[in-house]
2 protein chains.
Amino acid sequence: MNVLQRPTLHDVAARAGVSIATVSRVLNGTGIIRPATEAKVREAIRQLGFRPNRMGRDLRMGQSRSIGVLLPTLANPIFADSVAGIQEAARNAGWTVLITSSDYDTGHEQTAVEGLLSERVAGLIITVTNADTSQVLNSLDNELVPYVLFHNETGNPARSCVAVDNARAGYDAAQTLISHGHQRLGMVAGQFAASDRSRSRHAGFTVAVRAAGLPQPDLIEIDFNSDIACGALRAAFLTPLRPTGIFCSNDLLALRTIAGLRELGLAVPYDVSVIGMDGINVGQLIAPSLASIVQPSREMGRQAFAHLLARIAGDAEPEQIRVPHSYRPGQSLSAAKLQE
Amino acid sequence: MNVLQRPTLHDVAARAGVSIATVSRVLNGTGIIRPATEAKVREAIRQLGFRPNRMGRDLRMGQSRSIGVLLPTLANPIFADSVAGIQEAARNAGWTVLITSSDYDTGHEQTAVEGLLSERVAGLIITVTNADTSQVLNSLDNELVPYVLFHNETGNPARSCVAVDNARAGYDAAQTLISHGHQRLGMVAGQFAASDRSRSRHAGFTVAVRAAGLPQPDLIEIDFNSDIACGALRAAFLTPLRPTGIFCSNDLLALRTIAGLRELGLAVPYDVSVIGMDGINVGQLIAPSLASIVQPSREMGRQAFAHLLARIAGDAEPEQIRVPHSYRPGQSLSAAKLQE
DNA sequence: CGGCAAAAAGAAAACGTTTACATTAAACTC
DNA sequence: GAGTTTAATGTAAACGTTTTCTTTTTGCCG
């Protein structure tokens with residue numbers, strides 16, 4: 001045994017005076033072994049500091065007790081928290097997690113998934129920009145690897161997903177604004193192209209506004225990468241009939257929006273009320289605190305993993321899992337001023 | 001070939017009418033192959049949708065073109081950004097990254113590293129609670145796997161690290177407060193036990209304060225998991241001689257602290273100036289914007305990976321890499337009032 | 001204590017690569 | 001065009017496991 005190499009089953013077997021099969025059985029608790037033998041083996045393992053080589057095991061098993069995760073970015077706490085949930089569940093189950101991010105780039109999505117598949121992950125949890133048109137998903141359907149859409153909704157019964165009801169969330173956001181007396185509503189969204197979730201939320205938002213008999217809400221699209229006080233915001237708010245209540249398609253965007261409004265000389269919630277979505281933690285630390293439609297991100301991660309594991313084991317059919325969202329009040333949303 | 005199995009080298013070889021060695025050579029660009037042969041092989045690869053099995057390759061190569069990353073948490077943007085930098089560099093080099101988090105729990109650190117080692121990662125990038133006393137590092141030193149300390153500093157020449165000069169950062173924070181006229185300074189830190197970085201920053205902070213001939217600064221320790229308006233804050237600030245300028249050992253803590261002060265009826269920066277550390281993005285979105293000592297987190301991630309790769313390749317000796325921090329002004333830090 | 005079932009342990013193949021070495025085909029040389 | 005170098009391809013072993021199939025050992029019964 002080369003001292004510079006990690007010990008293998010053979011080394012352990014040699015030292016314990018048994019065969020590698022026996023060592024393997026001790027390690028995995030399979031088969032029946034005499035207590036005396038097991039003791040010898042365990043002692044050898046301890047002495048050598050042996051740790052099974054996953055490469056050998058995985059190759060033999062044809063599977064890698066690891067899953068791949070593809071998210072747009074870790075910079076948004078909603079995804080970082082989701083990952084924490086996935087990892088927690090995976091750790092408990094003895095699985096490892098490979099994380100990649102696409103930076104909202106469809107090209108990266110494809111290459112990232114390719115990379116994960118090369119690693120022979122046993123399954124995937126992925127968030128794509130657009131679940132209905134995604135090329136990646138189509139190619140994945142031809143693979144043998146089960147996957148769970150995450151934060152994306154799908155109507156396709158052949159595909160699993162874990163997500164909130166985004167349209168309903170948008171609807172609830174509108175209702176909340178309306179119930180606070182707001183009549184002129186608007187929605188700020190990231191580039192629609194980059195998120196089907198944004199579109200669903202907008203759709204639900206619009207439905208609620210119309211149902212209340214209010215005028216069609218403004219839609220203000222903001223480039224995630226642009227400056228804070230962008231032109232779109234200026235155009236929408238420097239008018240006498242500006243919205244008094246706006247829904248931002250996510251909390252990070254809401255923070256940007258509030259900062260932008262501030263630059264335009266508009267105060268939140270005095271001049272404009274803002275409700276965000278996601279329920280990120282910093283929203284509660286700032287002033288004004290951010291009202292938000294909360295997603296149970298960590299729990300979503302746990303559920304996504306649990307379901308994926310069931311799919312991998314063949315214990316489950318594809319399923320569309322809807323998790324409940326909730327409303328968290330905040331100072332950024334107040335009652336509309338009557339005189340307006 | 002079973003249609004339910006992924007194709008292997010053998011399948012490709014059979015279809016192209018060559019040997020598996022030739023296919024392997026085409027794949028890796030090693031050896032010389034006739035253009036006609038290469039074309040046949042590539043066509044077969046295309047037709048079968050072949051993708052090399054990393055498990056087989058890794059086992060043969062004895063190494064897994066993947067590295068492990070251990071961080072306290074992804075919930076802090078400083079670490080999420082760092083990971084983005086690591087992943088970016090890794091992707092460019094064709095490596096994969098396994099990410100785990102310890103949640104500031106020393107026990108988790110040990111098991112997480114164990115897990116990564118079982119995956120036979122070729123190297124590690126890790127942030128521990130305390131680099132000088134860490135049990136994990138001692139056991140890692142007995143392994144063959146190179147590692148790079150990340151955000152932790154070390155004086156041990158046998159260990160690599162990538163970090164800012166935390167003591168200097170604390171020193172600079174104090175100087176900045178002092179140069180704005182502040183005379184009564186304090187520092188808010190997470191539990192010291194959970195971070196050697198906190199301690200270094202505090203040490204540097206204290207040095208600068210003393211060098212300026214000012215009284216010993218208060219140290220206010222806050223449990224990361226406690227409520228916003230905690231007793232420690234109350235005790236330190238509900239006194240006539242309260243600090244007028246405080247340094248928070250990280251930005252997230254600064255946000256909590258500002259919120260806590262607000263609950264105590266103290267306004268930032270009017271009553272108290274605050275400077276944080278890390279330079280997280282949300283700091284620039286909120287009001288007041290957060291003054292901060294900025295760490296180039298993404299760049300640090302890139303450098304950590306680059307150095308680790310060099311260590312893995314045997315091209316580099318352990319090295320202590322110090323990256324420069326910088327000061328980013330913000331509204332949370334203003335000039336001290338003269339009459340005080 | 002011989003015989004036999006059950007328990008325990010071993011031998012060997014297989015997973016999908018890469019690569020050292022052997023072999024064949026092509027290309028010169030005179 | 002036979003001999004010789006060089007280019008191109010093939011053969012087979014090895015990486016460290018798990019597991020099937022055999023073989024050996026143990027325990028038990030009459």
Might you list the N or O atoms of the protein lying below 3.5 Å from N or O atoms in nucleotides 25-27 of chain C, with each pair's distance?
none

Residues forming a side chain to side chain contact (heavy atoms under 4.5 Å, CB included) with [X], sequence neighbours excluded:
{"X": "A:Pro146", "answer": "A:Leu308, A:Arg311, A:Ile312"}
{"X": "A:Ala75", "answer": "A:Thr73, B:Asp81"}
{"X": "A:Ser24", "answer": "A:Leu9, A:Asn28"}
{"X": "B:Ala93", "answer": "B:Trp95, B:Phe305, B:Leu309"}

Span of DNA chain D in contact with chain B (heavy atoms, under 4.0 Å):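 In short, chain B contacts DNA chain D from D:dA8 to D:dG16.
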Going by ring-ring contact (aromatic ring centres under 6.0 Å, His included), name the pairs with one or both residues in residues 111-144 of chain B, residues two or more places apart or in two chains. none
Contact list for residues 41-83 of chain A, test ring-ring contact (aromatic ring centres under 6.0 Å, His included), sequence neighbours left out: A:Phe79-A:His151
Who pairs with A:Arg302 by salt bridge (Lys or Arg N to Asp or Glu O under 4.0 Å), at least two apart in sequence or on another chain? A:Glu88, A:Glu299
Report the residues that fulfil salt bridge (Lys or Arg N to Asp or Glu O under 4.0 Å) with A:Arg42, sequence neighbours left out, ordered by chain and then residue number.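 Result, salt bridge (Lys or Arg N to Asp or Glu O under 4.0 Å) vs A:Arg42: A:Glu38.
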Please list, chain by chain and in numerical order, all residues satisfying side-chain hydrogen bond (donor to acceptor under 3.5 Å, both in side chains) with B:Arg197, sequence neighbours excluded.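 Result, side-chain hydrogen bond (donor to acceptor under 3.5 Å, both in side chains) vs B:Arg197: none returned.
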On DNA chain D, compare the nucleotides closest to B:Leu59 and B:Ile32; which residue's is nearer the 5' end? B:Ile32
Do any N or O atoms of the protein come closer than 3.5 Å to N or O atoms of nucleotides 17-20 of chain C, and which pairs are they?
unit_1	atom_1	unit_2	atom_2	d
C:dT17	OP1	B:Asn53	N	3.1
C:dT17	OP2	B:Leu9	N	2.8
C:dT18	OP1	B:Asn28	OD1	3.4
C:dT18	OP1	B:Asn28	ND2	3.2
C:dT18	OP1	B:Arg57	NE	3.3
C:dT18	OP1	B:Arg57	NH2	3.2
C:dT18	OP2	B:Ser24	OG	2.6
C:dT18	OP2	B:Asn28	ND2	3.3
C:dT18	O2	B:Arg60	NE	3.4
C:dT18	O2	B:Arg60	NH1	2.2
C:dT19	O4'	B:Arg60	NH2	3.2

If only atom types and distance count, is the side chain of A:Gln295 paired as donor or acceptor with the main-chain N or O of A:Met300 below 3.5 Å?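 Checking the backbone N and O of A:Met300 against the side chain of A:Gln295, no donor-acceptor pair under 3.5 Å is found.
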